[in-house]
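Notes to accompany the following structure.
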Amino acid sequence: SMLKRLRNAWVWMPRVPGVPIDDFIALQSSTNVIVVDARTEEEQQVSMIPGAISQASFEANESAYTGRTVLVYCTIGVRSARSVRQFRARDINAFNLIGGILAWTHTGRPLQSATGETYRVHVYGKKWDLADDRYESVW
């Protein structure tokens, strides 16, 4: 299944602390948490997890988030794992979303675009077209 492929992909990810999607969703509503999107601007323009900010925005205002838990995601978790490692080296309490935005699609929740809720998601290429069938994959 797609979810099994996502989980298997996690095996070769860089070893950093990660949170599964259910925990991510539970933590997301906390005021002490900030969600950071480690993908490119082009990918973010298609859609983002609601409430997330870009990594560039986070790094430009890092002091504003002192003391907060940082949940980082990308498409599947490789780039965000790199970001988590860099953040942790700077004493930021960061965690990687296991399975990335693709795991989010398997919850059936909408994503956010400039025009509102969307079920379009950037999947980084045909190899990573593992989004839930309810979503339109873009690459």
Side-chain angles (χ1 to χ4, degrees):
S1 75
M2 294 296 189
L3 278 176
K4 189 173 180 201
R5 286 172 69 188
L6 285 171
R7 277 194 292 273
N8 289 345
W10 181 250
V11 171
W12 50 262
M13 304 272 165
R15 292 280 183 252
V16 297
V19 294
I21 188 66
D22 293 346
D23 293 347
F24 178 90
I25 289 162
L27 287 166
Q28 200 186 6
S29 59
S30 166
T31 55
N32 197 39
V33 169
I34 186 77
V35 178
V36 172
D37 188 324
R39 300 174 305 149
T40 66
E41 194 175 328
E42 179 191 11
E43 292 168 280
Q44 292 167 3
Q45 283 170 357
V46 175
S47 62
M48 292 172 73
I49 290 176
I53 63 169
S54 69
Q55 184 166 332
S57 294
F58 174 80
E59 290 179 335
N61 301 290
E62 208 171 287
S63 60
Y65 305 109
T66 301
R68 289 171 89 174
T69 297
V70 181
L71 303 177
V72 191
Y73 74 91
C74 63
T75 301
I76 198 165
V78 176
R79 291 173 289 171
S80 51
R82 280 190 219 113
S83 297
V84 167
R85 183 179 287 140
Q86 291 164 7
F87 289 163
R88 287 190 155 263
R90 302 201 304 266
D91 292 327
I92 296 166
N93 190 31
F95 296 87
N96 195 15
L97 170 58
I98 298 169
I101 202 169
L102 292 174
W104 175 276
T105 69
H106 288 274
T107 70
R109 288 172 164 79
L111 292 162
Q112 195 72 37
S113 74
T115 55
E117 287 189 352
T118 185
Y119 284 83
R120 291 178 79 236
V121 61
H122 193 290
V123 296
Y124 205 68
K126 189 159 183 61
K127 181 181 179 185
W128 300 112
D129 188 9
L130 303 173
D132 186 88
D133 291 342
R134 292 168 282 197
Y135 292 75
E136 178 194 346
S137 296
V138 177
W139 67 83

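Heads up: numbering here begins at 1 and tracks the sequence.
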- Might you work through the side chain to side chain contact (heavy atoms under 4.5 Å, CB included) test for Leu27 and Thr69, ending with a clear yes or no? CA-CA 9 Å; Leu27 287 166; Thr69 297; 5.7 Å; no
Just so I know, are the side chains of [X] and [Y] near enough to count as touching, which here means a heavy-atom distance under 4.5 Å?
{"X": "Arg88", "Y": "Val16", "result": "no"}
{"X": "Glu62", "Y": "Ile92", "result": "yes"}
{"X": "Val84", "Y": "Phe95", "result": "no"}

- Go through the steps to decide whether Arg79 and Thr40 satisfy the test side chain to side chain contact (heavy atoms under 4.5 Å, CB included), and finish with yes or no. CA-CA 10 Å; Arg79 291 173 289 171; Thr40 66; 4.1 Å; yes
Might you point out which heavy atoms bring [X] and [Y] nearest each other, and give the distance in Å?
{"X": "Ser113", "Y": "Thr118", "value": "CB-CG2, 3.9 Å"}
{"X": "Met48", "Y": "Ser54", "value": "CE-N, 4.0 Å"}
{"X": "Pro50", "Y": "Leu111", "value": "CD-CA, 4.2 Å"}
{"X": "Ser137", "Y": "Asp129", "value": "OG-OD1, 2.5 Å"}

How long is the span from the [atom1] atom in [X] to the [atom2] atom in [Y], to the nearest 0.5 Å?
{"X": "Leu102", "Y": "Ile21", "atom1": "CG", "atom2": "CD1", "value": "10.5 Å"}
{"X": "Ile53", "Y": "Glu59", "atom1": "CD1", "atom2": "CD", "value": "9.5 Å"}
{"X": "Gln112", "Y": "Ile49", "atom1": "CD", "atom2": "CD1", "value": "11.5 Å"}
{"X": "Asn96", "Y": "Ser83", "atom1": "CG", "atom2": "OG", "value": "8.5 Å"}
{"X": "Asp22", "Y": "Thr107", "atom1": "CG", "atom2": "OG1", "value": "8.5 Å"}
{"X": "Arg82", "Y": "Arg85", "atom1": "CZ", "atom2": "CZ", "value": "9.0 Å"}

- Message: Other residues, nucleotides and ligands only: do more than 12 of their heavy atoms fall within 6.0 Å of CZ on Phe24?
- Response: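 Enclosed.
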Are the side chain of [X] and the backbone of [Y] linked by a donor-acceptor contact shorter than 3.5 Å?
{"X": "Gln55", "Y": "Val72", "value": "no"}
{"X": "Gln44", "Y": "Arg39", "value": "yes"}
{"X": "His122", "Y": "Thr75", "value": "no"}
{"X": "Ser80", "Y": "Ala38", "value": "no"}
{"X": "Trp139", "Y": "Val121", "value": "no"}

- Between Phe58 and Phe87, how do the two ring planes meet: parallel, tilted or perpendicular, split at 30° and 60°?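 Rings of Phe58 and Phe87: tilted, as their planes differ by 30° to 60°.
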- Message: Can you see whether Asp37 engages Tyr73 through a side-chain donor-acceptor pair at a distance of less than 3.5 angstrom?
- Response: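 The criterion, which ignores hydrogens and geometry beyond distance, is satisfied for Tyr73 and Asp37.
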- Query: With the 4.5 Å side-chain cut-off for hydrophobic clustering, are Tyr119 and Val46 part of the same group?
  - Reply: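 Different clusters.
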- Item | Verify same cluster id: Tyr135, Trp128 (apolar side-chain graph, 4.5 Å) |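 Yes; tracing contacts between hydrophobic side chains, which count when under 4.5 Å, links both residues.
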- Start with the C-alpha gap between Ile76 and Leu130, add the side-chain angles, then the distance that decides, and say whether side chain to side chain contact (heavy atoms under 4.5 Å, CB included) holds. CA-CA 9 Å; Ile76 198 165; Leu130 303 173; 4.3 Å; yes
- For the pair Ile34 and Leu71, evaluate side chain to side chain contact (heavy atoms under 4.5 Å, CB included) and give the outcome as yes or no after the intermediate values. CA-CA 6 Å; Ile34 186 77; Leu71 303 177; over 6 Å; no
